[in-house]
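Report on one structure; see the data block that follows.
Because the structure is predicted, anything quoted here is derived from the model rather than measured. Below, each value reflects all heavy atoms present in this structure, side chains not excepted, and no hydrogens, waters or symmetry copies.
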Amino acid sequence: MTIIDANVQPHFRYNSEIRRYLSAPHKLRAIPDVEQQWYQAPGGDYRQDLYGEGYPGSDPDTVAHHLFDGTGVAFAILNPLTRGNIADYLLNSRICAAVNDWLLDRWLDPDTSNRFRGTIRINPEDVRGAVAEIKRLADHPKMVQVGVPMQSREPYGKPMFEPIWEAAAAHGLPVVVHINGGNGVDHAPTFAGHAYTYPGYAAFMPLNSFVHLATLIVEGMFGRHPDLRFVFADGGYDILTPLMWRLDTFWMSMRDQTPWVDRFPSEYLRDHVRFCSSALDGPTDESQAEQWMDFTGKADLVMYGSSYPHWSTTAPDTVVAGLNSDQRDKVLWRNASELYGVASVEGSLT
């Protein structure tokens, strides 16, 4: 079975390794650890059996063995975490650039198997710097998307971010949104404030993806940039259908305020939006999975993502349990192949 894993988080071997990729003045600065301290999962954020001399997911050979040999993955899209929304936006931009340099040095350039692909991490609070970082690395053949944190002080449909999305679309790079690492200066993870526990955080934080998505549609970002693609890597597609139904319902009544939204909001999904699978999404009864996936055309939107080496790392057969053969193909490889351009016809990967 052909499989593309669209959500893998490689890690530094130790927290201070990032300083090797920072300029001398920045090496002296205080930088948060890569792990979040407020909302760690019970037992830790990462699978206990993956710990060794460094963080889980920190050795390319081990990760390749687990993914390519252990689960039969053909390609892995690497989306490294940075350190949260740092108050000093220039330092935050430099951290993103250091993560990118590390990803190239440790993972992509030495990869002779040609099976890893990477993410250009940028700081959306530094629009000029983000555009420059995209231009710096967009031509690297193994960089296939632009990465931004789920945590944001403004929804991503706001006009202030448009130059970033325009640059990504111009280079044919999707924008992936993922909960970031570290402890930065963030807004509360829920609309009503801070959750007390990890389950509250994990359940409600992905709702922020719909806020970003709704504003991208309502503010006309997809209409102005037909090649713009967004990937929401933390799941959340289980809540997509009712929220899109609600947005479609209100669309008619707001036509005078948003004349640039020239179709039902749900009609933008197929051309502009993808989700990575999540262990926390979907029906618990496999017999309902096939029908559930048909709502809002989710079979065309969802890509398999293991979330390796997170505690909720999910195997491919678990994600597609109960789906028909066409849905399985789309989720396991076809949707990701079309988005990232990593497979040829008839599923023969190149």
Side-chain angles (χ1 to χ4, degrees), residues 9-38 55 78-109 118-140 143 145-171 173-189 208 211-212 215-216 221 228 230 233:
Q9 277 83 57
H11 284 283
F12 289 94
R13 289 170 290 184
Y14 44 90
N15 276 306
S16 62
E17 186 180 11
I18 190 175
R19 297 185 184 278
R20 297 173 52 188
Y21 299 88
L22 291 169
S23 61
H26 293 105
K27 289 180 180 180
L28 303 176
R29 300 291 299 275
I31 299 173
D33 290 348
V34 71
E35 291 190 75
Q36 297 189 62
Q37 303 300 318
W38 284 26
Y55 274 103
L78 305 178
N79 184 15
L81 306 183
T82 64
R83 304 303 174 96
N85 292 328
I86 310 299
D88 183 342
Y89 75 94
L90 295 176
L91 174 61
N92 199 12
S93 295
R94 188 53 232 163
I95 289 173
C96 289
V99 170
N100 295 334
D101 291 340
W102 164 81
L103 187 67
L104 290 171
D105 181 53
R106 283 272 297 151
W107 294 80
L108 299 183
D109 289 342
T119 301
I120 304 170
R121 292 306 308 244
I122 61 165
N123 172 23
E125 293 190 342
D126 176 14
V127 174
R128 182 179 298 179
V131 171
E133 188 68 3
I134 292 172
K135 291 181 178 179
R136 180 174 80 96
L137 296 173
D139 291 335
H140 194 288
M143 287 294 198
Q145 63 185 1
V146 172
V148 296
M150 175 85 79
Q151 304 95 314
S152 174
R153 285 180 267 272
E154 295 287 347
Y156 285 144
K158 291 290 188 72
M160 66 186 74
F161 300 115
E162 188 161 7
I164 304 175
W165 316 146
E166 184 177 20
H171 289 284
L173 297 171
V175 178
V176 60
V177 183
H178 191 285
I179 296 174
N180 207 357
N183 288 286
V185 184
D186 301 331
H187 282 318
N208 289 283
V211 177
H212 292 311
T215 59
L216 286 163
M221 207 65 69
L228 180 60
F230 262 75

Over all heavy atoms of both residues, which pair between Leu81 and Gly181 is shortest? Give the atoms and the distance, please.
CB-N, 3.8 Å

Asp88 vs Arg29, test: salt bridge (charged side-chain N to carboxylate O under 4.0 Å, His left out). Steps then yes/no.
CA-CA 10 Å; Asp88 183 342; Arg29 300 291 299 275; 3.1 Å; yes

Taking atom CD1 of Ile134 and atom CG of Asp139, what is their separation to the nearest 0.5 Å?
12.0 Å

In this structure, CD1 of Ile95 is separated from CD1 of Ile31 (nearest 0.5 Å) by 4.5 Å

On a heavy-atom basis, which atom in Val127 and which in Met160 lie closest, and how many Å separate them?
CG2-O, 3.4 Å

Counting only heavy atoms not in Lys135 (residues, nucleotides, ligands), do more than 12 fall under 6.0 Å from its NZ?
no

Honestly, is Arg83 close enough over Phe12, meaning NZ or CZ under 6.0 Å from the six-membered ring centre and within 45° of the axis?
yes

Any sub-3.5 Å donor-acceptor pair from Asn180's side-chain atoms to Thr82's backbone N or O?
yes

Let me see the working for Leu137 and His171 under side chain to side chain contact (heavy atoms under 4.5 Å, CB included), right down to the final yes or no.
CA-CA 10 Å; Leu137 296 173; His171 289 284; over 6 Å; no

Any sub-3.5 Å donor-acceptor pair from Asn208's side-chain atoms to Gln151's backbone N or O?
no

What heavy-atom pair brings Pro80 and Trp102 nearest, and what distance separates the two atoms?
CB-CZ3, 3.9 Å

Value for NE2 (His212) from CD (Glu154), rounded to nearest 0.5 Å, stands at 10.5 Å

At what distance, to the nearest 0.5 angstrom, does CG of Leu216 lie from CZ of Phe230?
4.5 Å

Please check if the number of heavy atoms outside Arg128 that lie under 6.0 Å from its CZ is greater than 12.
no

Please check this pair: side chain of Thr119 against backbone of Gln145, looking for a donor-acceptor N/O pair closer than 3.5 Å.
no

Side-chain donor/acceptor of Asp33 to backbone N/O of Asn15, under 3.5 Å
no

Is any side-chain N of the basic residue among Asp101 and Arg94 closer than 4.0 Å to the acidic one's carboxylate O?
yes

Closest contact, heavy atoms only, Pro124 versus Phe161:
O-CE2, 3.5 Å

Could you tell me the separation between the CE atom of Met143 and the CZ atom of Arg136, rounded to the nearest 0.5 Å?
8.0 Å

Between Thr215 and Met221, is there a side-chain heavy-atom distance shorter than 4.5 Å?
no

Can you check side chain to side chain contact (heavy atoms under 4.5 Å, CB included) on His187 and Asn85, steps first, answer last?
CA-CA 10 Å; His187 282 318; Asn85 292 328; over 6 Å; no

Is the closest side-chain donor-acceptor distance between Asn100 and Tyr21 under 3.5 Å?
no

Heavy-atom closest contact (Glu133 atom, Arg121 atom, distance)
CG-O, 4.0 Å

Using side chain to side chain contact (heavy atoms under 4.5 Å, CB included), reason through Gln9 and Asn79 one step at a time and then give a plain yes or no.
CA-CA 5 Å; Gln9 277 83 57; Asn79 184 15; 4.3 Å; yes

dist Ile164:CD1 -> Asn123:CG (nearest 0.5 Å) comes out at 8.0 Å

Between Glu125 and Asn92: side-chain donor-acceptor atoms closer than 3.5 Å
no

